[in-house]
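Inspection log for the structure reproduced underneath, given as structure tokens.
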Amino acid sequence: MTKHLLQIYRILFEEYGAQHWWPADTHDEVIIGAILTQNTNWKNVKKAISNLKKKQLLSLSALSAADIAMITDCIRPAGHYNQKAERLKLVSNALKEYIVPPVSNEFRAFLLSLKGIGPETADSILLYAYNLPYFVVDAYTNRIFSRLGIIGEQSNYSYIQGFFHRFLEPSVQLFNEYHALLVRHAKLHCRKSPQCASCPLQDICEYALNKGLT
DNA sequence: GGCCAGGACACCA
DNA sequence: TGGTGTCATGGC
């Protein structure tokens, strides 16, 4: 399976090139973006981030000190603004008080203990903000690999993540680029309504379906 | 005007 | 434990 996963990676990399993720300038901006992007189009997230920047609120320390109404007003374009404002505030305060070096599963458990931080958001923060080798599983990952027949459509988060962790070396660089490439690919070829024409994974998709690549 | 978007959580059976 | 409703804006 390792060689198939790496083959898919190579095809995507040759097709799209390096994605240079996460699209953020600072460590704090990664964390803020990871919360804002929950169930939201990234274009809307960029508007919210721009608003935060204008108000000089694009850092955890600034958010921690800011009035929640001001945060809410800034992030309105990203949707779910009441929930997300609370989550930004909570995470900003929590990370300020977290003094243990964020290098282990304990830190992941800590993130998951925060209301509003689920597995995908936690792993996005761990991988892209803290450079820790946690594979990020999102709706696109699930869609692409279930359509390839490699995982079941109903597979849960920990199963899918465990799958990648089992068959790939724990490389931050690889996990970073792989997830970014999957997002790029899914936006072009793997929306909810399949658009398979000229899909660079078409060959491996047919191979997977024919050979029972599981 | 409806569908969808780089989720998470509360509630209920 | 699994299914469903809610949060909500903006692009296509």
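Numbered from 1 within each chain, the chains take letters A, B, ... in sequence-line order. What you are looking at is a predicted structure, and each value in this text was computed from that prediction instead of being measured.
- Using a 4.0 Å heavy-atom cutoff across all strands shown, A/I75 reaches no nucleic acid atom at all.
- A/K187 has its NZ atom 12 Å from the C1' atom of C/dG11, to the nearest Å.
- Looking at heavy-atom distances under 4.0 Å, A/I35 makes no contact with the nucleic acid at all.
- Closest to the side chain of A/R87, out of C/dG11, C/dT9, B/dG7, is B/dG7.
- A/A78 comes within contact range of no nucleotide atom at all, as no heavy-atom separation falls under 4.0 Å.
- Atom CG of A/L111 is separated from atom C1' of B/dG7 by 15 Å (rounded to the nearest Å).
- With P as the reference atom, B/dC11 and C/dA8 are 16 Å apart, rounded to whole Å.
- The separation between A/L188 atom CG and B/dA5 atom C1' is 15 Å, rounded to whole Å.
- The side chain of A/Y81 places an N or O atom within less than 4.0 Å of a non-bridging phosphate oxygen (OP1 or OP2) of C/dT9.
- In this structure, the ring of A/F145 has its center less than 6.0 angstrom from the ring center of A/F164.
- As a whole-Å value, the separation of A/N156 CG from B/dG7 P is 16 Å.
- Below 30°, between 30° and 60°, or above 60°: for A/Y178 and A/F135 the angle between ring planes is above 60°, a perpendicular geometry.
- In terms of position on DNA chain C, the residue among A/T40 and A/K43 whose nearest nucleotide sits closer to the 5' end is A/T40.
- Contact between the side-chain N/O atoms of A/R143 and the OP1/OP2 oxygens of B/dA5 is found at a separation under 4.0 Å.
- Across C/dT9, B/dG7, C/dA8, the shortest atom-to-atom separation from the side chain of A/N44 is found for C/dT9.
- Across all strands shown, A/E120 has heavy atoms under 4.0 Å from sugar-phosphate atoms exclusively, and none from any base.
- The aromatic rings of A/H27 and A/Y130 stand perpendicular to each other, their planes meeting at an angle above 60°, with 30° marking the opposite boundary.
- With rounding to whole Å, A/I117 atom CD1 is found 9 Å from B/dA8 atom C1'.
- When each of A/Q38 and A/N41 is assigned the nucleotide of DNA chain B with its nearest heavy atom, A/N41 is the one assigned upstream, toward the 5' end.
- Of the side-chain N and O atoms in A/K47, one or more sit less than 4.0 angstrom from OP1 or OP2 of C/dG11.
- As a whole-Å value, the separation of A/I125 CD1 from B/dG7 C1' is 12 Å.
- A/H179 has its ring centre no less than 6.0 Å from the ring centre of A/Y134.
- Atom NZ in A/K115 sits about 12 Å away from atom C1' in C/dC7, given to the nearest Å.
- The heavy-atom pair separating A/Q38 from A/G116 by the smallest distance is NE2-O, 3.0 Å.
- Contact annotation: A/N39 does not reach the phosphate of C/dA8 (side-chain N/O to OP1 or OP2, under 4.0 Å).
- When the C1' atom of B/dA10 is taken as reference, atom CD of A/Q83 falls 10 Å away, rounded to whole Å.
- With A/L58 as the partner, the side-chain contact (heavy atoms from CB on, under 4.5 Å) test is satisfied by one option alone out of A/I32, A/D28, A/L63, A/T26: A/I32.
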